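Residue numbering restarts at 1 for every chain, and letters A, B, ... go by the order of the sequence lines. This structure is a prediction, so every number in the text was calculated from the model and none was measured. Note that these values count all heavy atoms, side chains included, but never hydrogens, waters or copies made by symmetry.
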Amino acid sequence: MATLPPGFHALSLPIIQLSLAAVLKCGQSFRWNAYPLKITSPDASLPTHEYRFCLRDRVVCLRQTPTDILYRTVLPDPQPNMTERKLREAETLLWLKDYFQLDVDLALLYEQWGSRDKVFLRIRDRFTGIRMLRQDPWENLISFICSSNNNISRITKMVQSLAKEYSLPLLSIPLPDGSGVEETYYPFPPPSVLAKPGVSTRLRSLGFGYRAEFIHRTAKMLVDTHGTSTRPSQTSEPSELFLHTLRGMATEDARAELLKFVGVGRKVADCVLLMSLDKTDVVPVDTHVHQIAIKHYGMKGSTKGKTSMTPKLYEELCTKFVKVWGDHAGWAHSVLFTSDLKAFALHGLTEPQFTSPSPQKDRKRRIPDEDEMPSLLPTPPRTPFAYNPSPAEHVKKRARMRRTPE
DNA sequence: AGTCGACCTATA
DNA sequence: ATAGGTCGAC
């Protein structure tokens, strides 16, 4: 590290402990912005991106080198004096350590997961530095209410528009690419704001769909139960504090509390438990995780015909993964999940690049074969269950779809 | 107690 | 047709 960019401080941290690029865009938090930096020379020791996140009272900017996290605090005007700024910078450092849970030795966890699980061994070197964030429970809860029947890119748009619609702009600063264009940042709105009348109608018109009512009603439940104190503008509301207290509860009790909210089923509750309530062993099971379990961990089910996610099956999958990975099973799950996301992304990126005729005669949108889907590259062992003896129904449906080319 | 259809919307 | 599901009614 020769010189630090203006305003930045360095926190020594091997990239193996944290990969910002992987962690901030893998569907844990939906409110980080990533900006490419203009590259003058292809130097691997220089950051390629800047990442920004808007907290209640400041914007945190991050860059990463192989050996350090570079961080910078941006405060709204008027700019405080030097001693005050030092204080804020110290707060940001504390926030970083808490948010990224830097007390947890990720290299050690990877080693343990690898020794317990051969499947994990195959991917660990290609997906390093993927750790669980320690998010704010309120924001996390609302974000994952948005996640039902939804994909990451739309969830991201929804959460961002929620902040923009219901929070005042905190500050504006230029993009880091030197273009001079300014971007405005909005904090995540507190429960009292989303509990106000008319919110669900507005959210619907913003494209939240049936989740609009869930969000409004959940916010209302919280403020009706815990009240909304006259807050001196920059502190947490009672509802938010309540959600924080779930961290001190046993997993089952905390889960029971979360399940009381509308739009919160087992899957969403488990996401919140894992991502903001310190329940490191909780594995949120979705269709994707189910597929991974079938393909690589010998769980029953077919990789094609859709098996419905019954509560019983959900429990079975949970227990299975906890048995495989141990007390940080939820963390390990996140690594697997991210590697699988990457596998999908690769298909989107590499396929159109075949300029020369590929050996497979380019059918448009051909379905990837079983073996190329998983990110677990080096020949995944074909489990007895991975083969689906009767794909007939699926094939038939596809054939019919093709017949309407208009 | 399990199972089933509806639900907003965008995209492979 | 499905995306990291949940709700309400059998």
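Residue contacts shown for A/Gly263 are limited to sugar-phosphate atoms, with no base heavy atom under 4.0 Å away. Note on A/Val285: nothing from the nucleic acid sits closer than 4.0 angstrom, heavy atoms only. When heavy atoms are screened at a 4.0 angstrom cut-off, A/Cys26 is found touching base atoms of the nucleic acid. No engagement by A/Tyr314 is indicated, since no non-hydrogen atom pair under 4.0 Å with the nucleic acid exists.
Comment: A/Asp278 engages A/Arg134 in a salt bridge, judged by a side-chain N to carboxylate O separation of less than 4.0 angstrom. Under 4.0 Å is where a charged nitrogen must lie from a carboxylate oxygen, and between A/Arg88 and A/Glu91 at least one such pair does. The existence of a salt bridge linking A/Glu111 and A/Arg124 is excluded, since no basic side-chain nitrogen approaches an acidic carboxylate oxygen closer than 4.0 Å. Ionic pairing of A/Arg56 and A/Glu139 is not present here: no N-O contact between side-chain nitrogen and carboxylate oxygen is shorter than 4.0 angstrom.
Each of A/Asn149 and A/Lys157 lies near DNA chain B, and the nucleotide nearest A/Asn149 is the one positioned closer to the 5' end.
If you take CZ of A/Arg266 and C1' of B/dG2, they are 16 Å apart, rounded to a whole angstrom. In this structure, A/Ile145 places its CD1 atom 18 Å from C1' of B/dT9, rounding to the nearest Å. A straight line from CG of A/Asn150 to C1' of C/dT6 spans 13 Å, rounded to a whole angstrom.
Counting distance only, with no hydrogens placed and no angle test, the side-chain atoms of A/Tyr210 and the base atoms of C/dG5 include a donor-acceptor pair under 3.5 Å. A/Lys267 contributes a side-chain N or O that forms a donor-acceptor pair with the base of C/dG4 under 3.5 Å.
Taking the six-membered ring where the residue is Trp, the centroids of A/Tyr297 and A/Phe321 are separated by under 6.0 Å.
Taking only side-chain atoms of A/Arg154, from C-beta outward, the nucleotide of B/dT9, C/dT6, B/dC7 with the closest atom is B/dT9. Set against B/dC7, C/dG5, B/dT11, the side chain of A/Arg204 has B/dC7 as its closest nucleotide. Nearest to the side-chain atoms of A/Thr310 among the listed nucleotides C/dG4, C/dC7, B/dT3 stands B/dT3.
Nucleotide C/dG4 is matched to nothing when pairs are restricted to Watson-Crick or G-U wobble geometry with both distances under 3.5 angstrom.
Residue A/Ser147 places none of its side-chain N or O atoms closer than 4.0 Å to OP1 or OP2 of C/dA3.
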